[in-house]
Amino acid sequence: MRNRGIHLFENLNSPVLNCINSATASLSQTRQAHAYILKTGVSNDTHFATKLLSLYANHGCFADANLVLSSIPDPSVFSFSSLIYALTKFNLLGQSLLVFSRMASLGLAPDSRVLPNITKACAGLSSLKSGQQVHGIANVSGFSLDVIVQSSLIHMYVKCGQMDDARKVFDRLPQPDVVACSALVAGYARQGCVEKAHELFNEMRGLGLEPNLVSWNGVIAGFNHSGRHYEAAVMFKKMHLEGFNPDEGSVSSVLPALGDLEMLDTGIQVHGYVIVQGLGQDKCVVTALIDMYAKCACTLELSRVFDEMEDRDIGACNALITGLSRNGLFGNALELFRQFKDQGMELNVVSWTSMIASCSQNGKDIEALELFREMQFEGMKPNSVTIPCILPACANTAALMHGKAAHCFSLRSGISNDVYVGSALVDMYAKCGKIQISRLCFDNIPIKNLVCWNAIMRGYAMHGKVNEAMEIFHMMLKSRQKPDCISFTCILSACSQVGLMDQGWVYFNSMSRDHGIEPKVEHYACMITLMGRAGKLEEAYTMIKQMPFQPDGCVWGALLSSCRVHKNVILGEAAAKKLFKLEPKNPGNYILLSNIYASKAMWAEVDTLRDTMKSMGLRKNPGCSWIEIKNKVHMLLAGDKSHPQMTQIMGKLNKLSMEMKKSGYFPNTDFVLHDVEEQDKEQILCGHSEKLAVVLGLLNTLPGTSLQVIKNLRICDDCHAVIKYISRFEGREIFVRDTNRFHHFKDGVCSCGDYW
DNA sequence: GTAGGGTTAG
């Protein structure tokens, strides 16, 4: 058959057939040749058919290629190999594997051309099982010493995260070449074993192998990904000094590291190198340049690099948006995002995730939740980075249903084991009042890191569950996770929530002695709170005076709040005096001192303070509360009447107020400005946002449903008393999270034991 | 027709 084909081909001398002998035949030439062959009856000739198949496949016409393949009565390994090659090249990896198994089922042994390509397909699919099968077939087919086949297997094992297997393949090679070695170096770097990558890189010359671009770039990228930015920069410099010309890959790996190091001068030099070498057309290089300038706070330069780009790449757009947002230009970033979307730019998951992260980092939680919804509406699937970005927005607004939806999504898409996702879930559930679910999520994280240990401890601290927090702390030490300074902030604040003084001191004293962590100003602030809340104000003041460094606003603030709880004017004034110097524009401090004066009926002082605030143009931060009802987050501002259900809310509140008075409750008007009538004071108290939110919840949920409210300031005494009453009178569990901790109201009592 | 895939989101 084959001979007849060549014979015909030569004799016919047809230009139509001639062209299919060349690998560059166009698709229309291929189709003409196919038609000609069908017409002249040489269609089942293996030689022509294989040529045709290969051309169709290389043009991506796999339906035609398969048709031709099935018309060949006795296909050879060559027919299959060209198809497998093209399918892999077009990234149709699953189909490539199918064709391979079809070939194997015909009893055809693969050759040295099929094996690397099919291995590449397994690598691309991260399909270890298929990869191992191919490895077995390769070895029984006599390719166990073939350096090309074995190099591709190294790459496959690297992609599947099996570094030990990759190393075994490498060690079995009698004469590893530079390709095999570089694959392993790059693999170690990629899998986070940068130490091993660097070591093997240094050994290469001893093995008689000169490191090439792949190995250099692998090590640079490895250092960059492991956060060892300086070493990445050093490698880059060394590479250049040793006469290697860094390429696009080297430049785009080193630039983010230079950005993190804020080595602007070096960054500018690399930019110069990019221009001289003509690497400026590469999309990754441009993106990395934008990122570097953004990290060095050069907003003008980053916009310039973007504007000079010829065709806009989504990666560069994403870097631009993040860069602007990171440098305080959140509004511009959001505007650009909208523009890109309206212009029909194909946004990817990074674009959406970056914008959601920017919102969340800039306090735009509701906007973040809306973007998350919009993203899914547009058919974009969130990933394991999106989820940790959206969860803080759910946590901040107590949007439990949104948070649960994100949790369900993580379970469905198999990313709930990810430690970042897990930690964000722990944090979200804790902040939404569901500490038990938070703990379940924590227990389900298979490989724990410092972040998730700290997250669950912070959760317990927030809920005033000091025993559980201490249990976690000791579990953490037992599992040989070293605590950091945040771990101590969590455990100390847990102690301070319940006034556990002795334990607090034990942890504080152990910091430096047992863990080598010098207490920082925030740890002192915890201790001041701990002592202050317990009424040991003088001791707290002494500790501040003896601190090894200058106390900051947090420390004095801790003392001032304690003075408010214990109505101590003298120390309160001392703390406030310091605070007015340290944070002259923070209205909270003036309000706290004013509250202390008011509680002692020192109205002249209250007036003076109010005048000071007025003359400085300071206003009390408006109280603001959030409650999620039926998937919608409602925001209520103190005294704001704009909520559509406000009439109903006020009606219900008045009714409750009457009931309360009947049972002996009198509104606590201590903290309300004195020069209004008693009745107006009550009205002002009624306008507190947490009360409005609770009542809105009562009105819109079935009896017995628990309520979750978040407040941006600390809960006031009056609201605390009222909500306690509501919890009993209405038979509801009510969770209120203020800036300090959780209050869990049930049957007329609060979990904080009225100590906050 | 064996190795890298670099960059932008936590």
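Just so we're on the same page: letters track the sequence lines, and every chain starts at 1.
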I need the CD1-C1' distance between A:Ile148 and B:dA3, as an integer number of Å. 11 Å
Rounding to a whole Å, what distance do you find between A:Ile154:CD1 and B:dA3:P? 11 Å
From the candidates B:dA3, B:dA9, B:dT8, the one with an atom nearest any side-chain atom of A:Pro256 is B:dT8
Need one value for A:Asp418: base, sugar-phosphate or nothing, where a base atom within 4.0 Å counts as base even if backbone is also close, heavy atoms only. base
Got a sec, which residues hit side chain to side chain contact (heavy atoms under 4.5 Å, CB included) with A:Ile137, two or more places apart in sequence or on another chain? A:Phe100, A:Pro110, A:Ser141
Expressed as a whole number of angstroms, how long is the span from A:Asn117:CG to B:dG1:P? 11 Å
Ranking B:dA9, B:dG10, B:dG6 by distance to the side chain of A:Val350, first place goes to B:dA9
Checking only heavy atoms, does the side chain of A:Ser152 share a donor-acceptor pair with the base of B:dT2 at less than 3.5 Å? no
What's the CG-P distance between A:Asp313 and B:dG5, to the nearest Å? 18 Å
Distance-only, no hydrogens or angles: does the A:Ser416 side chain make a donor-acceptor pair with backbone N or O of A:Leu411 under 3.5 Å? no
Base, sugar-phosphate, or nothing: which does A:Asn348 touch, judged by heavy atoms less than 4.0 Å apart? nothing
Can a donor-acceptor pair be found, under 3.5 Å and without considering hydrogens, that links the side chain of A:Ser487 to the backbone of A:Asp484? yes
State which residue, out of A:Trp216, A:Tyr188, A:Phe223, fulfils the ring pair (Phe, Tyr, Trp, His ring centres under 6.0 Å) condition with A:Phe201. A:Trp216
For B:dA3 and A:Asn217 - does any side-chain N or O of the residue sit under 4.0 Å from the phosphate oxygens OP1/OP2? no
Under-3.5 Å donor-acceptor pair between A:Asn212 side chain and B:dA3 base: yes
Regarding A:Gly315, tell me which of base, sugar-phosphate or nothing describes its non-hydrogen contacts under 4.0 Å with the strands shown. base
Which nucleotide sits closest to the side chain of A:Ala288: B:dT7, B:dG10, B:dT8? B:dT7
Hey, do the aromatic rings of A:His402 and A:Phe372 have their centres closer than 6.0 Å? no
For the side chain of A:Asp177, counting heavy atoms from C-beta on, which of B:dG10, B:dG6, B:dT2 is nearest? B:dT2
Rounding to a whole Å, what distance do you find between A:Asp247:CG and B:dT7:P? 12 Å
Checking the side chain of A:Ser423 only, and the main-chain atoms of A:Val419 only, is there a donor and an acceptor separated by less than 3.5 Å? yes
Both A:Ser351 and A:Pro116 contact DNA chain B. Taking the nearest nucleotide for each, which residue is further toward the 5' end? A:Pro116
At under 4.0 Å between heavy atoms, what does A:Ser151 touch on the DNA or RNA strands: base, sugar-phosphate, or nothing? base
Rounded to whole Å, the CG-C1' distance (A:Leu258 to B:dG6) equals 14 Å
Measure from CD1 on A:Ile118 to C1' on B:dG1 and round the result to the nearest Å. 14 Å
Among B:dT2, B:dT7, B:dT8, the nucleotide that comes nearest once only the side chain of A:Ala319 is considered: B:dT8
Atom-to-atom span, CE of A:Met375 to C1' of B:dA9 - whole angstrom: 10 Å
Is A:His225 near enough to B:dT7 that one of its side-chain N or O atoms lies under 4.0 angstrom from OP1 or OP2? yes
Check whether any side-chain nitrogen or oxygen of A:Gln361 sits under 4.0 Å from OP1 or OP2 of B:dG10, and answer yes or no. yes
Between B:dT7, B:dA3, B:dG5, which nucleotide gets closest to the side-chain atoms of A:Val179? B:dA3
According to a strict under-4.0 Å criterion, is A:Arg326 in side-chain N/O contact with OP1 or OP2 of B:dT8? no
Across the strands shown, which category fits A:Asp282 at heavy-atom distances under 4.0 angstrom: base, sugar-phosphate, nothing? base
